[in-house]
Enquirer: 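Structure in structure tokens, see below.
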Amino acid sequence: MDINKPLGNGSKIAVIGGGPAGSFFTILTKKMAREQNKDIKISIFDKKDFFEPGPTGCNMCAGVLQDNLIRQLEEVGIDVDSISEEYIHGYALCIKDICTALKVNEGVKICSIFRGGGPANFMISSGRRSFDRLLLSHAEKLGAHYIPERVKSVELSKERVRVNYGNKGGYYDADLLVGAFGVNTGVVKNIFPGYSPPKTWHVCQTELPLGRDWIMNKFFNMIHVFFLKPRGIKLLAATPKGDCLTITGLGKDVAFGDLKKALLASEISKYIPEKLDIACHCHPKIPVTPPKKPYSDRVVIIGDAGYSRYLKNGIESAFITAKYAAETIINIGISEKILKENYDRRCRQRFLYDNLYGKFILYLHDFIMTNNILSSTYLTLVNREQNSLYSKKRLSEILLHIYTGDIPYRSIFFKSLDPILQFQLTLQTLRILVGDINKIFKFRTSNEQRLN
Ligand SMILES: Cc1cc2nc3c(=O)[nH]c(=O)nc-3n(C[C@H](O)[C@H](O)[C@H](O)COP(=O)(O)OP(=O)(O)OC[C@H]3O[C@@H](n4cnc5c(N)ncnc54)[C@H](O)[C@@H]3O)c2cc1C
């Protein structure tokens, strides 16, 4: 077939990876092909059984689905209600002993899910409900063929791509190869010349089986974010998920020992039992840079292994890259030049520049939240906004945008330049500084009086 033309009737696609990116791509391609009366054969390769508990079935993530993604999934006929463990009502920002609640607006839907069959050493009472399995089943219903094997190598030639899989010398020839293998795989690293995967952070996550009553009593339906500075951890997030509380330690290289220490010796320890019961833990990677050349003749790389939003909404990014790839191969072609101009360019426009704003915003946010004076300023202002019926909730809205990722980082940046908000922040900082100086002055005077 001519690679400068769209895939036609009877074309074959091999998808490596049955995580969100692989399934989204399959679902979207099948739907678009059907609209054009094309029959395109898609085979998805993935060894993981997503119904299995623990690492054999899990793609290691906090499992928070945000409103934007849920709506896009509904549009393609995927209803996440059947696998949702908890509906999330907002975020609580915790500094020292104070937690400030930021509720999401009425009608905004956020939920937490398990990617696989739940934690390794704990049976969840709701039964095994897997998000990745739900997506893969949907792709299968649309006619995709799921092959439960690991891809060992790939051979590219002018006429076709060959995928070698499993331990019995199985192979599959296709017109197009879609790499949806994420960043936690070593097998397909040098898949073709020129491609390098995104650079990653090595984060750490654990599931605490505290029981839903305990979790609702201490955390309500709110994701709690703790700003602390134990070794290597930038931020600790606690996500209610039915019987379990998912703890995510975000940082460049977070060791499980450091995460455990943080749980036992920081503010979060007040919210969890003294004796830690851990159902499972993992060390996934998270992409923090763009990839190099995620396309070639007959190959396109999507999801985490391609482009994603900086430290936010990874599953939604998988959906977006899958959509751009599906539209390109169904409507335009599969040559390197076409994929560069139509897939890669759109991804770069969407993620590359916005992620620069994202890096700046998250750096600043981290700096503010771990600085005594600036964090007091923030939280005092947020509390005032939350308790007032009439005042505009400028800062609360910006923080909610940062946590839910519902608008681009660039828009958050420009919203935060609002002169009224900047005036309020400056005034509040001055108030706190004057209060602190007064306290020091009073302390000195009373000390001098005592000594005299
Ligand atoms: C700690 C942490 C918390 C996160 N929390 C969230 C969150 O709350 N919300 C959110 O939206 N995103 C979150 N993310 C990001 C999210 O997990 C990823 O963006 C998302 O999983 C990317 O999907 P993917 O399909 O590209 O890759 P993956 O989910 O990694 O799927 C890749 C698939 O490819 C398969 N595979 C790999 N190699 C081969 C091979 N050789 N042969 C066959 N199959 C192969 C794997 O088995 C896997 O199933 C989080 C990430 C981390 C690390």
Side-chain angles (χ1 to χ4, degrees), residues 14-26 43-50 52 55-66 68-70 73 88 110-116 130-133 135-136 146-154 163-166 172 177-189 191 197-198 200-207 223 235-237 239 241 246-251 254 259 281-288 291 294 301-322 325 403-405:
V15 178
I16 309 180
S23 291
F24 288 149
F25 172 84
T26 307
S43 293
I44 305 174
F45 297 83
D46 201 318
K47 184 96 170 101
K48 274 192 179 157
D49 176 353
F50 298 119
E52 279 295 311
T56 36
C58 178
N59 270 328
M60 303 174 290
C61 139
V64 181
L65 306 181
Q66 302 286 356
N68 280 350
L69 173 68
I70 296 176
L73 293 183
I88 301 294
I110 301 176
C111 68
S112 61
I113 47 91
F114 283 112
R115 296 286 300 271
S130 152
F131 176 67
D132 287 19
R133 186 61 241 177
L135 300 181
L136 196 51
Y146 166 53
I147 301 172
E149 294 285 0
R150 182 167 289 116
V151 171
K152 298 240 158 161
S153 65
V154 166
V163 163
N164 299 308
Y165 63 88
Y172 179 84
L177 174 70
V178 177
F181 36 74
V183 284
N184 291 295
T185 179
V187 187
V188 203
K189 232 175 204 156
I191 184 164
T200 52
W201 281 2
H202 221 144
V203 301
C204 190
Q205 202 161 252
T206 182
E207 297 286 351
I223 296 176
L235 166 160
L236 208 66
T239 306
K241 207 182 274 177
T246 306
I247 305 287
T248 310
L250 212 58
V254 183
L259 185 69
H281 81 275
C282 60
H283 270 289
K285 291 178 185 167
I286 195 162
V288 290
I301 311 285
I302 59 173
D304 267 13
Y307 292 92
S308 58
R309 194 170 193 207
Y310 183 65
L311 299 183
K312 219 45 339 270
N313 311 68
I315 300 174
E316 193 191 359
S317 304
F319 186 89
I320 293 164
T321 56
Y403 287 104
T404 59

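All residue numbers in this chain count up from 1 along the given sequence. Just so you know, ligand 1 is whichever comes first in the structure, and atom 1 is the first atom listed for that ligand. For the numbers below, each heavy atom of this structure counts, side chains included, while hydrogens, waters and symmetry mates do not. All values derive from a computational prediction rather than experimental measurement.
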Enquirer: When rounded to the nearest 0.5 angstrom, what distance separates CG in L73 from CZ in F319?
Expert: 6.0 Å
Enquirer: Within this structure, what is the CD1-CD distance for the pair I247 and E207, rounded to the nearest 0.5 Å?
Expert: 9.0 Å
Enquirer: Output the list of atoms in ligand 1 that are nearer than 4.0 Å to some heavy atom of T248, sorted by atom number.
Expert: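 Checking each atom against T248, I get 1 (C).
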Enquirer: Is the closest heavy atom of K285 to ligand 1 under 4.0 Å?
Expert: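 Contact check K285 vs ligand 1: positive.
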Enquirer: Minimum distance, heavy atoms only, to atom 43 (C) of ligand 1: which one of F131, F45, F181 is it?
Expert: F45
Enquirer: Heavy-atom contact check, 4.0 Å cutoff: does S308 meet ligand 1?
Expert: no
Enquirer: What are the two closest non-hydrogen atoms of A21 and I302, and how far apart are they?
Expert: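 Shortest heavy-atom contact: O-CD1, 3.4 Å.
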Enquirer: By number and element, which atoms of ligand 1 are closer than 4.0 Å to a non-hydrogen atom of G19?
Expert: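 Matching atoms, with element in brackets: 25 (O), 31 (O), 33 (C), 49 (O).
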Enquirer: Closer than 4.0 angstrom: is that true for some heavy atom of Y165 and an atom of ligand 1?
Expert: no
Enquirer: Does Q205 reach ligand 1 with a nitrogen or oxygen that is under 3.5 Å from one of the ligand's nitrogen or oxygen atoms?
Expert: no
Enquirer: Which ligand 1 atoms are under 4.0 Å away from a heavy-atom of G63?
Expert: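 Near G63, meaning under 4.0 Å from one of its heavy atoms, ligand 1 has 7 (C), 8 (O).
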Enquirer: Quick check for you: to the nearest 0.5 Å, what is the distance between S130 atom OG and I113 atom CD1?
Expert: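 Nearest 0.5 Å value for the OG-CD1 distance: 8.0 Å.
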Enquirer: Which atoms from ligand 1 have a heavy atom of V64 less than 4.0 Å away?
Expert: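 Counting atoms of ligand 1 from 1, those under 4.0 Å from V64 are 7 (C), 8 (O), 9 (N), 10 (C), 11 (O).
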Enquirer: Any idea which atoms of ligand 1 are less than 4.0 Å away from a heavy-atom of F50?
Expert: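 Near F50, the atoms of ligand 1 are 49 (O).
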Enquirer: One residue to check: A180. Relative to ligand 1, which of side chain, backbone, both or neither has a non-hydrogen atom less than 4.0 Å away?
Expert: backbone
Enquirer: Check each atom of ligand 1 against the heavy atoms of I286 and keep those under 4.0 Å away; list them by number with element.
Expert: 51 (C), 52 (C), 53 (C)
Enquirer: Measure R150 to ligand 1 on non-hydrogen atoms and call it side chain, backbone, both or neither using the 4.0 Å cut-off.
Expert: both
Enquirer: Hey, could you give me the CE/NE2 distance between M60 and H281, rounded to the nearest 0.5 Å?
Expert: 11.5 Å
Enquirer: Before giving the answer on side-chain contact (heavy atoms from CB on, under 4.5 Å), spell out for L311 and V288 the whole-Å C-alpha distance, their side-chain angles and the decisive distance to 0.1 Å.
Expert: CA-CA 7 Å; L311 299 183; V288 290; 4.0 Å; yes
Enquirer: Of V203, I301, T321, V151, which has the heavy atom at the shortest distance from atom 40 (C) of ligand 1?
Expert: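 The nearest heavy atom belongs to V151.
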Enquirer: Do you know the tightest heavy-atom contact between P198 and V183?
Expert: CD-CG1, 4.2 Å
Enquirer: Specify side chain, backbone, both or neither for T185, according to which of its non-hydrogen atoms lie closer than 4.0 Å to ligand 1.
Expert: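 Under 4.0 Å from ligand 1, T185 contributes side-chain atoms alone.
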Enquirer: In Å, rounded to the nearest 0.5 Å, how long is the span from CD1 of I315 to CG of D304?
Expert: 9.0 Å
Enquirer: For P284, counting its heavy atoms only, list the atoms of ligand 1 lying under 4.0 Å from any of them.
Expert: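 The list of qualifying atoms is 1 (C), 53 (C).
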Enquirer: What is the minimum heavy-atom distance between R115 and P20, and which atoms define it?
Expert: NH2-CD, 2.9 Å
Enquirer: Only heavy atoms of N59, strictly under 4.0 Å: list the atoms of ligand 1 that pass.
Expert: 29 (O), 31 (O), 48 (C), 49 (O)
Enquirer: Looking at ligand 1, would R115 count as a contact under a 4.0 Å heavy-atom criterion?
Expert: yes
Enquirer: Can you name the nearest heavy-atom pair linking T248 to A62, along with the distance?
Expert: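 Looking at all heavy atoms of both residues, the closest pair is OG1-CB, 3.7 Å.
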Enquirer: Which distance, rounded to the nearest 0.5 Å, do you find between the CG of L65 and the CD of E316?
Expert: 10.5 Å
Enquirer: Considering only heavy atoms, does W201 approach ligand 1 within less than 4.0 Å through its side chain, its backbone, both, or neither?
Expert: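 Neither; nothing of W201 gets under 4.0 Å from ligand 1.
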Enquirer: Looking only at distances, please establish whether an N/O atom of ligand 1 is found under 3.5 Å from an N/O atom of A21.
Expert: yes
Enquirer: Of all the heavy-atom pairs spanning V163 and V151, show the shortest one and how long it is.
Expert: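 Heavy atoms only, the tightest pair is CG1-CG2, 3.6 Å.
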